[in-house]
Amino acid sequence: MIISTEGYYSYVKNGLFEKIHGSKKFMIRAIAEEIYRNEGKKEGEEKGRREEKIEMAKVMKQEKVSITIIAKASGLSIEEIKKL
């Protein structure tokens with residue numbers, strides 16, 4: 001709220017508070033950092049799971065397991081497995 005001798009301006013009444021509150025641009029730095037840290041953690045976990053699938057597929061391929069079975073077990077495509 002801004003108060004002056006001529007009157008006042010309410011961020012809540014004019015809807016500006018909701019716009020600012022929902023915008024990452026105006027977030028407190030610590031909150032924004034936490035959000036980005038969580039997003040990075042999620043991406044890292046997804047990358048790690050993919051790497052595990054690739055390693056599992058490599059071992060299965062070395063053991064002469066059918067590419068179709070490897071694809072079903074790992075979730076990788078047949079094309080991806082052939083490239084390993």
Side-chain angles (χ1 to χ4, degrees):
M1 180 177 287
I2 299 174
I3 301 173
S4 73
T5 55
E6 287 119 29
Y8 73 94
Y9 181 84
S10 171
Y11 291 107
V12 174
K13 280 187 179 180
N14 293 304
L16 187 59
F17 179 78
E18 286 299 318
K19 287 182 183 177
I20 292 172
H21 188 268
S23 171
K24 285 185 180 181
K25 183 177 178 182
F26 296 104
M27 281 182 180
I28 298 171
R29 183 178 178 163
I31 295 171
E33 287 175 353
E34 181 67 22
I35 288 169
Y36 294 127
R37 187 175 17 259
N38 288 340
E39 287 174 2
K41 183 180 176 183
K42 184 178 175 182
E43 288 174 10
E45 289 171 349
E46 289 171 3
K47 183 179 178 185
R49 283 191 292 273
R50 177 155 174 76
E51 289 172 358
E52 286 177 357
K53 289 178 180 183
I54 290 170
E55 288 305 311
M56 177 184 68
K58 284 180 182 178
V59 171
M60 292 175 79
K61 190 174 178 183
Q62 288 173 351
E63 295 295 322
K64 308 292 185 207
V65 175
S66 160
I67 290 179
T68 306
I69 293 172
I70 297 171
K72 286 180 183 179
S74 68
L76 301 173
S77 71
I78 290 174
E79 292 78 26
E80 290 174 301
I81 296 165
K82 287 179 180 178
K83 291 178 184 178
L84 300 177

Problem - Co-membership, hydrophobic cluster, residues Val65 and Val59, 4.5 Å side-chain - result: no
Problem - Heavy-atom pair with the smallest gap, counting every atom of Leu76 and Ala57 - result: CD1-CB, 3.8 Å
Practice task
Check whether any side-chain heavy atom of Glu52 sits under 4.5 Å from a side-chain heavy atom of Glu55, and report yes or no.
Solution key: no
Exercise for the section: Identify whether the distance between the nearest side-chain nitrogen and carboxylate oxygen of Lys53 and Glu80 falls below 4.0 Å. Expected result: no
Exercise for the section: Look up atom CD1 in Ile70 and atom NZ in Lys64, then write down how far apart they are to the nearest 0.5 Å. Expected result: 10.0 Å
Handout entry: Residue pair Lys47 / Glu43, side-chain heavy-atom distance below 4.5 Å
Key = no
Handout entry: N/O donor-acceptor pair under 3.5 Å between Lys61 side chain and Lys82 backbone
Key = yes
Handout entry: Which atom of Ile54 lies closest to which atom of Leu84, heavy atoms considered
Key = CG2-CD2, 3.8 Å
Practice task
Working to the nearest 0.5 Å, report the span between CE of Met60 and CD1 of Ile81.
Solution key: 8.0 Å
Problem - Residues Arg37, Glu34: salt bridge by 4.0 Å N-O rule - result: yes
Handout entry: Closest approach of Met56 to Ala73 (non-hydrogen atoms, all atoms of both residues)
Key = CE-O, 3.6 Å
